[in-house]
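Keep in mind that the numbers below use all heavy atoms, side chains included, and drop hydrogens, waters and symmetry copies. Convention: sequence-line order gives letters A, B, ...; per-chain numbering from 1.
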Amino acid sequence: MDGQFEARKSISPFRVFTMIFRISAFTLGGGAVLIGIIKDEVLRTGLVSEEEANDMLSLSMAAPGAMGISMSYEAGLALAGIPGAIAGVFGMALPPFLAILVLSGWLLAHMGSGYIGAFFSGASAGLIVVLGAIVWKMVKKSVIGCFRDTILCVDVTAAILFCKVSPVWALIGGTVIGVALSCLPTVKKNVRDQALDAILCVAITAAILSFNISPGWALLCGTVVGMVLSCLPEGGKR
Amino acid sequence: MMSLFTLAWTFAKVSILTYGGGLASLPFLYQVFITENHWMTPQVFNETVALAQMTPGPIILNAATMLGYRFAGFVGSLVATTAVIAAPLLVVIPLVWIFHNASGRAKVWVDRIRIAMRPVVAGLLAVALWTVALPVFRNKQLWPLAAVSAGLWFVPFMRKYPQLLLILMALLGVVAYSFGVLSAA
């Protein structure tokens with residue numbers, strides 16, 4: 001969290017470049033999985049705390065444009081300072097650039113081939129597992145165990161999927177609600193309450209998905225219920 | 001056909017105005033290239049998109065490289081790619097700086113936003129997963145492949161290099177297709 005990059009251990013910009021280049025060149029399946037894999041690799045260097053890595057992920061999703069570029073910039077900056085950031089961005093941008101220039105002729109000629117379609121169908125079957133693990137890690141780390149956050153997370157997902165709220169508004173709205181909630185007094189919770197929270201969260205998701213409750217209302221009610229619950233003293237344990 | 005400056009400007013605009021990554025930017029690209037400017041036919045556009053999805057890296061970057069090439073050759077693809085990269089960086093660089101250098105009262109707020117953003121980002125990731133998972137769930141032929149990849153996830157090496165898992169599954173898809181158990185998507 002400190003700005004003193006010089007004071008920390010770092011790796012060489014070239015290693016940042018090769019790391020990001022490898023990820024960019026061999027990861028099929030787009031932005032979300034790309035930034036998740038970068039996060040894992042950054043963590044594996046041991047130079048960045050998990051908290052910091054999660055912040056990188058949040059920022060790259062919050063910024064407009066290609067998430068991979070933002071993520072590489074941040075990862076490079078954290079691992080090797082400004083040269084690292086430059087190396088990271090180049091490492092991310094170069095593989096797709098080269099791939100298009102070199103491969104586009106061949107791919108265009110074979111576009112109709114079923115083999116290419118099957119190649120990407122197979123990849124998508126693998127993608128749900130890889131991306132699922134990434135999402136689960138993020139959810140486990142920052143959502144489970146806190147009722148408010150669970151509600152917020154479910155609300156955002158529901159708002160985008162079912163209300164067709166644009167992701168940018170979901171992000172801004174969700175963050176504003178989260179900040180507003182964090183200004184309220186917090187209540188320490190015991191394990192039993194957390195379990196209860198988890199059940200409630202599942203119930204709300206199920207309500208939206210299976211009983212066709214209007215997601216707009218679910219969003220509103222979920223947030224209000226979450227706010228009220230988080231303000232209540234729980235069984236005298238403040 | 002069009003000046004390099006227009007090219008750079010257009011792609012910078014598209015890059016900064018698209019949000020949520022990848023496929024979300026395509027309708028907007030379509031509007032700019034076809035509806036507004038008539039720079040290409042819908043068929044060429046579809047071809048570009050299909051190709052962008054097949055090559056590694058962010059889709060918008062692929063599209064920029066390819067469309068830039070069509071418009072102005074190698075220089076064009078260089079210019080378009082640079083524009084696509086530069087635009088989000090102009091937003092991220094100050095954001096990161098603020099996150100790292102905030103102090104005092106500002107720090108309190110930055111921390112609040114940081115923490116509030118996490119569940120929201122988890123929600124956005126869940127949406128990304130949903131978008132990817134839906135076509136797989138709808139295609140029964142892909143279920144065994146999904147099961148295999150879930151099994152492979154227990155191999156530590158695969159966890160360490162998830163790209164390997166993706167490529168392995170893609171090759172398995174090709175094998176399945178050549179044996180006739182998987183029809184082309």
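The main-chain N or O of B:Ala133 is never found under 3.5 Å from a side-chain atom of B:Arg138 such that the two would form a donor-acceptor pair. Put simply, the side chain of B:Arg159 gets close to the backbone of B:Trp153: a donor and an acceptor are under 3.5 Å apart. In this structure a side-chain-to-backbone donor-acceptor pair under 3.5 Å is missing from A:Ser124 to A:Leu127. With hydrogens and angles disregarded, no donor-acceptor distance shorter than 3.5 Å links the side chain of A:Thr27 to the backbone of A:Ser24. A donor-acceptor pair is defined here as one N or O able to donate and one able to accept, closer than 3.5 Å; no such pair exists between the side chain of B:Ser15 and the backbone of B:Phe11.
Side chains of B:Leu142 and B:Phe137 form no contact here, defined as non-hydrogen atoms less than 4.5 Å apart. Proximity of B:Val91 to B:Leu95: side-chain heavy atoms (C-beta onward) are separated by under 4.5 Å at one or more points. In this structure the side chain of A:Ile20 reaches within 4.5 angstrom of the side chain of A:Ile38, judged on heavy atoms.
In this structure, chain A has heavy atoms under 4.5 Å from both the backbone and the side chain of B:Leu129. Contact of B:Leu166 with chain A is made through backbone and side chain together, with heavy-atom distances under 4.5 Å. Using a 4.5 Å cut-off between heavy atoms, A:Leu131 contacts chain B through both its backbone and its side chain. Within the 4.5 angstrom heavy-atom criterion, only side-chain atoms of A:Ile37, from C-beta onward, approach chain B. Using a 4.5 Å cut-off between heavy atoms, B:Leu168 does not touch chain A at all.
No other option in B:Leu165, B:Leu89, B:Leu171 has as many heavy-atom pairs under 4.5 Å with chain A as B:Leu89. Ranked by non-hydrogen atom pairs under 4.5 Å with chain B, the options A:Leu34, A:Val89, A:Val129 are led by A:Val129. Of all the listed residues (B:Met169, B:Met66, B:Gln163), the one sharing the greatest number of non-hydrogen pairs under 4.5 Å with chain A is B:Gln163. For chain A, the option among B:Pro88, B:Ala64, B:Ala170 with the highest count of heavy-atom pairs below 4.5 Å is B:Ala170. Most heavy-atom pairs under 4.5 Å with chain A, from the set B:Val175, B:Val148, B:Ile93: that is B:Ile93.
Here the closest non-hydrogen pair linking A:Ala53 and A:Lys39 is CB-CG, 3.7 Å. The two residues A:Val130 and B:Pro162 have their closest heavy-atom pair at CG1-CB, 3.7 Å. When all heavy atoms of A:Met56 and A:Ala78 are compared, the pair lying nearest together is CE-CB, 3.3 Å.
For the side chain to side chain donor-acceptor pair (under 3.5 Å) test, residues two or more places apart in sequence or in another chain that qualify with A:Arg22 are A:Glu41.
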Throw together a table of side-chain donor-acceptor distances under 3.5 angstrom for residues 73-87 of chain B, partners on residues two or more places apart or in other chains.
from	atom 1	to	atom 2	distance (Å)
B:Ser77	OG	B:Phe74	O	2.8
B:Thr81	OG1	B:Thr65	OG1	3.2
B:Thr81	OG1	B:Ser77	O	2.6
B:Thr82	OG1	B:Leu78	O	2.6

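Within residues 90-99 of chain A, the residues that have a heavy atom under 4.5 Å from a heavy atom of chain B are A:Met92, A:Ala93, A:Pro96, A:Phe97, A:Ala99, listed by number. Contacts of residues 69-76 of chain A with chain B at a heavy-atom distance below 4.5 Å involve A:Ile69, A:Ser70, A:Tyr73, A:Glu74, listed in sequence order.
Between A:Asp40 and A:Lys137 there is a salt bridge, with a side-chain nitrogen of the basic residue lying less than 4.0 Å from a carboxylate oxygen of the acidic one.
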